[in-house]
Amino acid sequence: MIVKQAKSVEDALELLSHYGNCKIIAGGTDIIIQMNEKKVQPKVLIDISKVEELKKIEEDGDFIKIGSAVTYTDIIESSIFEGNLSGFKKACRLVGSPQIRNRGTIGGNIVNASPAADSVPPLIALGATIILESKNNIREVKVEDYFSHSETFGIREYEILTAIRFRKPKGVLTFAKLGLRKALAISRISIAALVELDKDNKVSFVRIASGSIGRYPMREHELEEFLQGKVFDDAVIDEAVKVLQGVMDVRLANRSSLPYKRRAVEAVLKEALGEVRK
Amino acid sequence: MKKRGRGIGLSFYGTGYGNGFPDVSNAWVRLLKDGKIGVYVGGAEVGQGAMTAFVQIAAEALGVPHDRVLLEIEDTLTTPDSGTAAATRQTYNTGNAIKIACENFKEKLKEVAKDILNLNSTAALEVKDGEVYLEIFPQKRVSLEKIADFLGGNILEAEGSFTAQTTKLDPETGQGAPYWPYTFSACGVELEVDTITGQVDILKAVLVQDVGRAVNPHLVEGQMDGGYAMALGYALFEDLNLKRGVMGNRKFSKYLIPTSMDVTELTKIIVEDPESTAPYGAKGIGEPVMIPVTPAILNAIYDATGVRITELPITPEKLAKAFSDFEKEG
């Protein structure tokens with residue numbers, strides 16, 4: 001196996017088109033394990049961890065752009081994700097261990113496409129898009145569609161995910177996760193919510209995404225429709241839990257994990273929605 | 001819903017092989033050329049601190065600072081059999097063997113010192129601070145270094161052997177003294193249970209350990225921290241997930257152990273009540289430090305929720321199911 005260190009995105013794309021059977025490596029927290037388990041066996045690894053343009057977090061007017069090789073630690077330590085965006089920071093803080101957060105990247109979390117990826121539900125709730133670059137083309141794809149319609153919007157072997165972009169929200173982004181221990185825990189359930197309330201405490205905008213309650217992280221449209229326009233109080237949140245449990249009963253029918261998850265989701269959804277009011 | 005509860009667990013544990021099985025530890029002690037003392041035992045250091053405890057016991061018995069004692073362990077070519085580092089027996093059993101060997105060694109030192117000092121007898125000779133001296137006329141003294149010089153190439157060496165006393169249980173009556181000594185422990189925990197998710201959050205924990213005498217209090221505390229963390233894993237996390245003899249959880253991403261975030265700070269209380277048959281009163285605590293923790297956790301869950309758990313580990317999934325069943329039964 002050959003390892004090539006890319007100096008720039010251009011350089012990385014050139015290498016990618018030059019060699020066959022390539023894989024991109026950034027933090028290596030997923031791909032190294034997959035290589036050890038022989039689940040992937042690339043001939044060439046292209047290392048993008050030293051590409052400066054992929055390691056920046058930038059504010060551009062109403063938008064925030066995160067380079068794909070930005071680590072969880074970079075996000076946790078950035079002052080950009082304070083206040084109404086702190087739910088994103090919380091999601092990144094709950095990833096793995098300090099060692100994994102120091103190495104693992106936001107772009108890697110997306111392309112690894114685990115249903116339990118902690119950073120993905122907040123990005124879906126934010127309506128974020130990802131930028132996929134190839135030698136001759138640039139595509140911008142919604143994170144949500146990347147997972148739900150991967151045959152069309154998934155990454156191609158000649159592409160590199162270079163950045164994640166989203167519009168700064170008016171509402172509050174929150175995140176809650178159920179793991180089986182306090183650190184180094186794979187999410188059994190995760191929920192991210194972006195909620196905007198009007199002066200009458202009614203939900204004027206809502207976008208909710210879940211992790212680990214389906215084959216991939218996804219929007220929870222039924223829950224959003226239920227909450228839209230409702231007064232955001234305890235009774236409505238209790239009802240919202242039942243709506244989501246109803247969705248899970250269909251989506252996870254016959255799964256052995258359903259009885260536990262449909263019970264436990266109450267605590268996770270209540271934590272996520274409860275933090276909107278804080 | 002989150003509910004709080006408190007629980008205690010108590011245990012007493014017989015250390016050593018027990019039940020009349022011959023439980024023997026041997027030790028050798030030898031005078032080295034530079035007047036330092038070599039201690040040779042086959043007891044293994046497995047992280048429990050045996051090496052430190054052995055040196056401390058030898059230094060105490062010989063009346064020398066610990067840096068005068070050179071310990072050799074584990075090498076079967078150069079050390080006698082001191083039994084396994086198991087059954088919580090090394091400090092008590094091998095500690096006793098070392099103490100006996102050191103006492104025998106001191107008598108041999110006195111014999112040589114008697115000759116060097118032109119005395120008629122070894123009576124009133126004392127071994128202390130690297131010297132042998134006459135208690136009734138302390139000007140008469142000789143250092144261990146001088147004794148080693150005097151001996152030239154001749155080896156001065158003593159042996160010590162300790163066999164623990166236990167009796168087999170009578171198969172008819174069940175009577176006997178299967179273990180000696182016993183070590184006593186107590187644990188108290190205060191925890192919070194999430195009855196929806198089945199997660200258990202330990203808020204406070206205290207572990208009380210009878211040690212006879214703490215040879216090294218820091219090491220005892222280390223053992224207590226370790227035993228507590230291990231018991232926490234046993235109670236709440238560690239699940240092989242055996243199915244038809246096949247381990248389902250074969251890797252640490254599935255076989256969960258507590259992380260440092262899961263292990264609450266533990267209040268540790270050492271109780272010292274010297275055991276008369278032990279070296280300086282010290283009993284073993286390797287296994288006992290773990291035993292009362294899990295019952296304390298289970299009792300606290302019962303106190304918090306009214307649900308009795310009878311299967312370990314109490315993973316969130318199993319606990320949530322137990323609460324769900326409990327709610328249905330009313």
Side-chain angles (χ1 to χ4, degrees), chain A residues 29-30 32-34 36-39 93-101 104 112 114 116-117 176-191 212-213 234 237-238 241-242 244-245 248 252 255-274, chain B residues 1-3 191-203 205 229-241 243 248-265 297 305 307 311-328:
Chain A
T29 53
D30 287 310
I32 295 291
I33 293 160
Q34 290 161 10
N36 283 341
E37 292 176 348
K38 301 208 182 328
K39 284 179 185 156
R93 208 172 50 234
L94 292 173
V95 171
S97 62
Q99 295 91 329
I100 291 170
R101 294 194 290 270
N112 184 56
S114 160
K177 154 176 173 172
L178 174 73
L180 296 186
R181 61 182 166 191
K182 288 182 182 169
L184 272 167
I186 296 165
S187 286
R188 292 299 306 274
I189 300 172
S190 65
I191 291 171
S212 293
I213 48 182
D234 287 343
I237 292 173
D238 283 342
V241 170
K242 289 186 182 132
L244 186 54
Q245 285 172 331
M248 291 167 74
L252 302 178
R255 294 266 198 108
S256 62
S257 60
L258 176 62
Y260 178 62
K261 286 191 175 180
R262 83 181 305 287
R263 181 182 176 93
V265 79
E266 178 183 341
V268 186
L269 185 59
K270 281 185 173 172
E271 183 184 335
L273 294 180
Chain B
M1 202 203 302
K2 293 197 173 174
K3 292 183 172 180
L191 52 73
E192 194 171 78
V193 184
D194 188 323
T195 58
I196 300 298
T197 65
Q199 286 169 308
V200 174
D201 196 3
I202 301 198
L203 307 169
M230 190 171 164
L232 202 64
Y234 171 65
L236 301 177
F237 296 102
E238 297 180 42
D239 187 6
L240 290 175
N241 189 21
K243 282 187 182 136
N249 295 340
R250 282 178 297 174
K251 44 190 184 179
F252 283 116
S253 57
K254 298 220 181 257
Y255 182 90
L256 300 185
I257 59 173
T259 68
S260 57
M261 300 287 284
D262 299 288
V263 182
T264 20
E265 200 178 315
I297 293 171
T305 64
V307 176
E311 191 187 320
L312 296 177
I314 332 153
T315 58
E317 203 155 337
K318 281 200 242 168
L319 198 49
K321 183 168 185 313
F323 293 139
S324 167
D325 293 346
F326 186 70
E327 287 156 13
K328 277 178 208 154

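First the proteins, then the strands, lettered A, B, ... as listed; each starts at 1.
Of the listed residues (B/Thr315, B/Val200, B/Thr259, B/Ile196), the one with the most heavy-atom contacts under 4.5 Å to chain A is B/Ile196. Counting heavy-atom pairs closer than 4.5 Å to chain B, the top residue among A/Val268, A/Leu184, A/Leu178, A/Ile186 is A/Leu178.
Both the backbone and the side chain of B/Ser324 come within contact range of chain A, with heavy atoms under 4.5 Å apart. Contacts of B/Phe252 with chain A are made by backbone atoms alone, with heavy-atom separations under 4.5 Å and no side-chain atom involved. Heavy atoms of B/Glu317 lying under 4.5 Å from chain A belong to its backbone as well as its side chain. Both the backbone and the side chain of B/Ile257 come within contact range of chain A, each with at least one heavy atom under 4.5 Å from a heavy atom of that chain. When heavy atoms are compared at a cutoff of 4.5 Å, B/Lys251 approaches chain A solely by way of its side chain, counted from C-beta outward.
Not one N or O on the side chain of A/Arg188 forms a donor-acceptor pair closer than 3.5 Å with the backbone of A/Lys261. In this structure, B/Asp239 contributes its side chain and B/Pro313 its backbone to no donor-acceptor pair below 3.5 Å. In this structure, B/Asp201 contributes its side chain and B/Glu192 its backbone to no donor-acceptor pair below 3.5 Å. Of the possible donor and acceptor atoms, none in the side chain of A/Lys270 sits under 3.5 Å from a partner among the backbone N and O of A/Val241. The main-chain N or O of B/Ala229 is never found under 3.5 Å from a side-chain atom of B/Tyr234 such that the two would form a donor-acceptor pair.
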Discussion item. Applying side chain to side chain contact (heavy atoms under 4.5 Å, CB included) to B/Tyr255 and B/Arg250, what does each step give before you reach the verdict?
Written reply: CA-CA 7 Å; B/Tyr255 182 90; B/Arg250 282 178 297 174; over 6 Å; no
